[in-house]
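The structure under discussion appears below in the form of structure tokens.
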2 protein chains.
Amino acid sequence: MGKCEQCIIKQFNSLKSLTKDELVRISNCKTSYTIKKGTVIFEEGDAVNGVYCVKDGICKLSKLSENGKDQIVKMVVKGQLLGQRSLISDENSNLQATALNDMEVCFIPKSEIIMDLQKNPKFSFDVLKDMAHDLREADDIIVNMAQKSVRQRLAEALIYIHDSFGVNPDGTLSVLLSREDFANIVGTATESAIRVLSQFKKEGLISTIGKQIKIESLDGLKRIE
Amino acid sequence: MGKCEQCIIKQFNSLKSLTKDELVRISNCKTSYTIKKGTVIFEEGDAVNGVYCVKDGICKLSKLSENGKDQIVKMVVKGQLLGQRSLISDENSNLQATALNDMEVCFIPKSEIIMDLQKNPKFSFDVLKDMAHDLREADDIIVNMAQKSVRQRLAEALIYIHDSFGVNPDGTLSVLLSREDFANIVGTATESAIRVLSQFKKEGLISTIGKQIKIESLDGLKRIE
DNA sequence: AATAAAACATGACAATTATCATATTAAAAC
DNA sequence: GTTTTAATATGATAATTGTCATGTTTTATT
């Protein structure tokens, strides 16, 4: 099994602020495993007793609403930490995490991380920065949900996914989502999301190869009012 | 001028985790003043170079959207800290803060707080918890915005304001908001907010005395589907 | 107190979005 | 390879919400 001290993934998240000794300690109690596409990693209401360091793959964080829809609030990709918040607030999770790909993760038990949070101010300040960033992102999402049309929100979702998670060699978005997932990101009915995507296709803003989506005109999408 | 060490307000926020020495130091460099209703405390894009400890009054945190509307993201009341996030992320504010009442605040310069964040793990863990809580709240707002009707959202906003900020002796909500503010919390047109409130009134769920709103049936509001 | 300016209210209508029905296509199971 | 199932697609229609017009009330100003 790999060692945290030597793991390159940690460069991309707060774990980089841990000392060598701390990393060695964590390395000894972590469990590293793979999660199959579609697996629910934790559910709403679950006690999440640790943090997942995502070595590969992507998962979605979503919340079930009363009308049966599953609003996607955030996506966590390679390099990021999953389950930070529940850990800190000492409450059960308010979100469900589901793997969108096959994932490779390391699970670090809560007790270890809490210890470091309490002893290493640099680490805890780093986590704080991460969280401040998430909060800022959440504010933007609130404003978008409240003030923009489905068409605008979907265009922005495509741009976001393109810019944040990148594209395959053939130019298609590297994160493969169902139309339902898109609807759940944007907060609309699946049919509406499908309709808008079809429209984008007609307008030449995107093209599709099966489920895969390729952005043909990033500028065009950005210009949508 | 009052001393932080003796201030009861700090009980309600993270400052309670500071040591006596730290509080004395902060007390010596804080400035305490009043802010008139309607004053913009800081704007989007401003560098917020400190934290406000709210001793009395309420303010709203909002973000301007492209269509000219001003989405309210959060309200900060007596006892809470204002400007935490911008402080931590070292970025300019993404939100505007506007006083809804006359406010009494203490302003603590950034450098002092950052020093404590880096030296007092208990304090920084407390701020972390606060932020985790805000994030959870933000998630809930996203889901509500995305999945619920204006009617439902407005009912929930009324319940939230009632439960979080309390009522006057005559039973009216203690936070006095314009219809436009309600619209900006719920993320709808002012006319729509007015219409829904009128409807609630007709249904006997609320009553009004001028701008003041009194909730007549909390259960009725909760039952709205 | 008279006037001006906001804020509140409501109607009429348009635009957006959801829902239901029903094809069509793609993927999974046998 | 065929059957079954799930995902995608599109039309028709209803429900929700936004916009514009206009009137009324409240609040502020002189």
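A, B, ... follow the sequence lines: proteins, then strands. Residue 1 opens every chain. All values derive from a computational prediction rather than experimental measurement.
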> Closest to the A189(A) side chain: dA18(C), dT17(C), dT17(D)?
Replying inline: dA18(C)
>> If the threshold is 4.0 Å, N to carboxylate O, is there a salt bridge linking K148(B) and E66(A)?
In response: yes
>> Looking at K63(B) and D139(A), is any side-chain nitrogen of the basic one under 4.0 Å from a carboxylate oxygen of the acidic one?
In response: no
> F182(A) has an atom CZ; how far is it from atom C1' of dA7(D), in whole Å?
Replying inline: 14 Å
>> Rounded to whole Å, please give me the gap between CD in E180(B) and C1' in dT26(D).
In response: 16 Å
>> Mind checking if T190(B) touches a base, just sugar-phosphate, or nothing, with heavy atoms under 4.0 Å?
In response: nothing
>> With nearest nucleotide decided by heavy atoms, which residue, T188(A) or K211(A), maps closer to the 5′ end of DNA chain C?
In response: T188(A)
> Any sub-3.5 Å donor-acceptor pair from E104(A)'s side-chain atoms to Y33(A)'s backbone N or O?
Replying inline: no
>> Strictly below 4.0 Å, N to O, side chains only: are K16(B) and D126(B) in salt-bridge contact?
In response: yes
> Rounded to the Å, how far apart are Q212(A) CD and dT8(D) C1'?
Replying inline: 15 Å
> Roughly, in whole Å, what's the span from CG in N67(B) to P in dA15(C)?
Replying inline: 17 Å
> Could you give the CE-to-C1' distance, from M145(B) to dT17(C), as a whole number of Å?
Replying inline: 17 Å
> Which whole-number value in Å describes the distance from I194(A) CD1 to dA23(C) P?
Replying inline: 17 Å
> Hey, is the side chain of R195(A) pairing donor to acceptor with the base of dT19(C) inside 3.5 Å?
Replying inline: yes
> Just checking K201(B): base, sugar-phosphate only, or nothing, at a heavy-atom cut-off of under 4.0 Å?
Replying inline: nothing
> Where each residue is assigned the nucleotide of DNA chain C containing its nearest heavy atom, which of V150(A) and E191(A) is assigned the position nearer the 5′ end?
Replying inline: V150(A)
> Just how far, in rounded Å, is C1' of dT8(D) from CG of L176(A)?
Replying inline: 13 Å
> So, is K148(B) near the phosphate of dT17(D), with a side-chain N or O under 4.0 Å from OP1 or OP2?
Replying inline: no
> dT17(D) phosphate, OP1 or OP2: any side-chain N/O from S192(B) under 4.0 angstrom?
Replying inline: no
> Between the side chains of S207(B) and E216(B), does any donor sit under 3.5 Å from an acceptor?
Replying inline: yes
> For A146(A) and R179(A), take the nucleotide of DNA chain D holding the closest heavy atom to each; which residue's nucleotide lies nearer the 5' end?
Replying inline: R179(A)
>> If I take atom CD in residue Q147(A) and atom P in nucleotide dT16(C), what distance separates them, rounded to the nearest angstrom?
In response: 16 Å
